[in-house]
Amino acid sequence: MTTRSYLLKEGYDNLKKNASKTFSTMLIIFLTLLIVGIFIVIFQNVNHNIKEVREQQGLQAFIKDGIKESDIEYARSEILQIEGVKSVDYISKEASYQDALNVFGDQSYFLEGLEKVNPFPASFIVRFYNIEEANAIKEKIEKIDNIYNVQFNEGTINAVIIISRIANIFLISVGSVMLIVSMFIISNTIKLAVYSNKREIYIMRYIGATNSFIRKPFIYEGIIMGVVSSLTSFMTISIAYVVLYARLPKVGTSLGIFGFIPYSQLWYQVLIILLIIGLLIGMIGSALSLRKYLKV
Amino acid sequence: MKKEEKVSIRRNTTTSANDVSIFKNDSIIEFKNVTKDYNHEVVALNKVSFKIKKGEFIFLVGPSGSGKSTILKLLVREELATEGNVIVNGQDVANLKEKDVPFFRRKIGFVFQDFRLLYDRTVAENIIFALMVVGATEREIKMQLANVLELVGLTGKENYYPNQLSGGEQQRVALARALATKPSVLIADEPTGNLDPKTADEIFKMLVEINNRGTTILVVTHAKDTVDKLNKRVIALSAGRVISDEKGGYAGYDY
């Protein structure tokens with residue numbers, strides 16, 4: 001038996017001695033980390049979507065019906081010459097119709113029979129380097145022949161950004177309050193453990209235990225509580241996400257406004273961050289109480 | 001600058017402490033004019049001086065409040081002397097750095113009146129606990145455990161819990177624990193205070209036996225008869241002063 005495994009066992013024994021206190025402490029840490037985990041999940045999803053929306057964001061320039069193909073080509077080259085334009089994609093009337101069918105999905109029956117008249121116009125999707133230049137580019141495109149309407153969807157971007165800001169502020173503030181609370185609760189639990197081990201500590205001092213030898217079981221106790229809580233909150237979040245994901249719109253398949261990332265792209269971030277935070281709360285929480293209570 | 005001065009002072013005193021160990025290396029404990037007061041009011045010890053040689057067996061006697069406990073506290077550096085020097089194993093304890101105190105204490109075994117065992121652990125676990133504290137290897141633990149159990153006559157009882165043992169046996173576990181780490185000095189603070197006379201005799205016999213094997217022993221006790229019978233050196237204290245220090249029984253001193 002090495003010293004470390006001995007001290008680990010001592011820490012584990014402390015946990016068992018105060019089982020009910022240990023349980024309530026872990027519950028609080030669990031809830032804290034749950035909030036942190038949910039934050040990570042939302043944060044990653046929102047950021048992914050903002051990025052996606054930003055990348056997709058462009059102007060849609062509608063082309064008058066019934067013009068020649070050479071005129072369409074000409075209009076395209078005109079747009080490409082505008083400064084700040086990254087790319088121009090042509091969407092034919094047929095493609096627009098197909099898009100509409102996809103968008104409406106199950107409800108697409110009311111588009112039936114419209115194939116022949118096809119009310120959807122052909123258009124150019126114009127992407128540019130800097131979203132700030134959108135308005136200037138829009139004005140220039142409007143002056144080009146055969147283009148009758150230019151639209152862009154800044155509203156979506158702004159909405160996503162605002163929602164994400166609110167969510168982030170809310171989760172960060174609740175999360176940090178919870179983090180501080182759990183640290184104090186851990187430190188309280190450790191204080192109790194120190195108190196109930198006063199005899200041991202006293203005897204250890206007389207035998208000649210170093211401070212680190214006396215402290216380690218309590219630090220390990222904090223770490224075990226932190227790690228166990230982070231693993232359980234990770235599992236809870238994983239299960240919840242996977243279950244919910246099956247019922248929610250997914251990235252790339254939705255209306256293009258908001259979709260969720262598959263968990264396979266997310267789980268390791270959640271796990272690593274929760275583990276690190278769990279470890280830190282455990283260590284800092286127990287160190288906090290030991291500094292006060294284990295003065296020689 | 002100040003820091004450097006401090007360091008040099010410390011170095012000087014360490015050297016002098018080393019000198020003590022070189023020239024008087026037969027003394028394992030030395031009190032030189034030690035005074036200890038609490039808040040400049042209660043004087044617990046007043047200019048106490050004595051030397052204990054390696055391998056000696058000493059009784060420390062005196063009424064309650066005469067300063068015996070203070071001497072023990074100074075010895076293990078639980079407290080520091082107000083004046084004078086306490087030298088243990090050639091080292092002035094005042095010069096010990098905080099982080100070296102645990103290592104210093106490992107050379108001193110301690111036995112208490114109330115045993116101070118861990119009641120949720122077996123006999124063996126109590127002893128292993130002490131050995132883990134000093135960082136013994138697995139082999140050393142096995143060897144020392146068997147050694148000390150045999151020494152105190154508890155072989156076969158290693159898996160008992162303290163509550164399943166008599167008072168005398170519990171004190172023997174405490175002895176085994178104190179000896180497991182091979183201290184050069186064993187300090188026993190009224191080791192038989194809670195025991196009946198017959199059991200007390202057994203414990204004293206054991207202490208003598210341990211002393212015969214080379215460990216220096218300092219016993220604080222009120223057991224007058226035993227002190228008389230064993231005929232060892234007795235340091236008697238009263239009101240913080242040494243009032244007699246000679247070989248013999250209770251030294252004709254009564255209180």
Side-chain angles (χ1 to χ4, degrees), chain A residues 1-23 189-224 286-296, chain B residues 72-73 75-80 96-112 114-121 124-142 145 162 173-174 176-189:
Chain A
M1 190 163 43
T2 63
T3 308
R4 172 166 300 146
S5 64
Y6 181 81
L7 295 177
L8 255 173
K9 196 188 152 293
E10 294 283 304
Y12 176 68
D13 287 347
N14 284 347
L15 287 170
K16 281 198 303 187
K17 261 188 233 167
N18 305 310
S20 68
K21 186 82 184 161
T22 300
F23 179 76
T189 310
I190 300 289
K191 259 180 225 168
L192 191 89
V194 170
Y195 189 79
S196 76
N197 284 325
K198 252 177 24 189
R199 219 183 139 74
E200 259 112 329
I201 292 170
Y202 187 83
I203 294 168
M204 282 198 257
R205 286 248 173 79
Y206 265 86
I207 293 171
T210 56
N211 283 341
S212 84
F213 186 93
I214 296 173
R215 276 191 200 118
K216 268 178 192 158
F218 301 109
I219 303 265
Y220 288 149
E221 184 181 348
I223 290 175
I224 292 172
S286 44
L288 269 179
S289 66
L290 293 177
R291 224 180 29 168
K292 241 196 221 163
Y293 280 76
L294 286 187
K295 271 192 189 144
V296 188
Chain B
L72 299 190
K73 280 179 187 161
L75 266 177
V76 293
R77 201 190 181 276
E78 201 179 311
E79 276 165 18
L80 286 170
L96 275 172
K97 285 183 204 143
E98 206 59 65
K99 68 177 174 63
D100 293 326
V101 170
F103 301 95
F104 162 77
R105 284 188 184 153
R106 289 176 191 184
K107 293 173 197 148
I108 305 172
F110 227 102
V111 177
F112 305 89
D114 57 358
F115 321 136
R116 306 244 167 115
L117 298 173
L118 301 173
Y119 288 90
D120 57 347
R121 294 167 202 236
E125 282 165 353
N126 265 283
I127 296 165
I128 290 171
F129 175 76
L131 288 162
M132 289 308 303
V133 163
V134 301
T137 64
E138 203 164 337
R139 255 187 67 190
E140 287 167 335
I141 289 174
K142 251 188 195 162
L145 181 62
V173 177
R177 183 181 64 193
L179 294 170
T181 54
K182 299 180 181 168
S184 49
V185 184
L186 180 69
I187 294 172
D189 189 4

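For the numbers below, each heavy atom of this structure counts, side chains included, while hydrogens, waters and symmetry mates do not. Below, read A as the first sequence line, B as the second, and so on, with proteins coming before strands; counting in each chain starts at 1.
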Just so I understand: if I count every heavy-atom pair under 4.5 Å between each of A:Leu7, A:Thr210, A:Asp13 and chain B, which residue has the most?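 Looking at each option in turn, the highest pair count goes to A:Thr210.
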
Determine whether B:Phe129 and A:Ile203 make a side-chain contact, defined as any pair of heavy atoms from C-beta on separated by less than 4.5 Å.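 The answer is yes; the side chains approach within 4.5 Å.
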
With a 4.5 Å heavy-atom cut-off, do A:Tyr206 and B:Ile108 have their side chains touching?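 Of all side-chain heavy-atom pairs linking B:Ile108 with A:Tyr206, none is under 4.5 Å.
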
How close do B:Pro102 and A:Ala209 get, heavy atom to heavy atom, and via which atoms?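 Reported closest heavy-atom pair: CB-O, 3.5 Å.
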
Please lay out, stage by stage, how A:Glu10 and B:Arg121 fare under the test salt bridge (charged side-chain N to carboxylate O under 4.0 Å, His left out). CA-CA 12 Å; A:Glu10 294 283 304; B:Arg121 294 167 202 236; 2.9 Å; yes

Taking side chain as everything from C-beta outward and backbone as N, CA, C, O, which of these in B:Asp100 sits under 4.5 Å from a heavy atom of chain A? Side chain, backbone, both or neither.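 The answer is neither part of B:Asp100.
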
Give the C-alpha distance, both sets of side-chain angles, the deciding distance and a yes or no for side-chain contact (heavy atoms from CB on, under 4.5 Å) between B:Arg116 and A:Tyr202. CA-CA 9 Å; B:Arg116 306 244 167 115; A:Tyr202 187 83; 2.7 Å; yes

For A:Lys21, does the NZ atom have more than 12 heavy-atom neighbours from other residues, nucleotides or ligands under 6.0 Å away?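 Counting other residues, nucleotides and ligands, NZ of A:Lys21 exceeds 12 neighbours.
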
Kindly check if the number of other-residue, nucleotide or ligand heavy atoms within 6.0 Å of OH (A:Tyr12) is above 12?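 No, not enclosed.
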
Taking atom CD of A:Glu200 and atom CG of B:Leu118, what is their separation to the nearest 0.5 Å?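 That separation rounds to 4.5 Å.
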
Going by the side chain to side chain contact (heavy atoms under 4.5 Å, CB included) test, name the single residue among B:Met132, B:Arg177, B:Arg106 that passes it with A:Ile207.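 Among B:Met132, B:Arg177, B:Arg106, the one meeting side chain to side chain contact (heavy atoms under 4.5 Å, CB included) with A:Ile207 is B:Arg177.
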
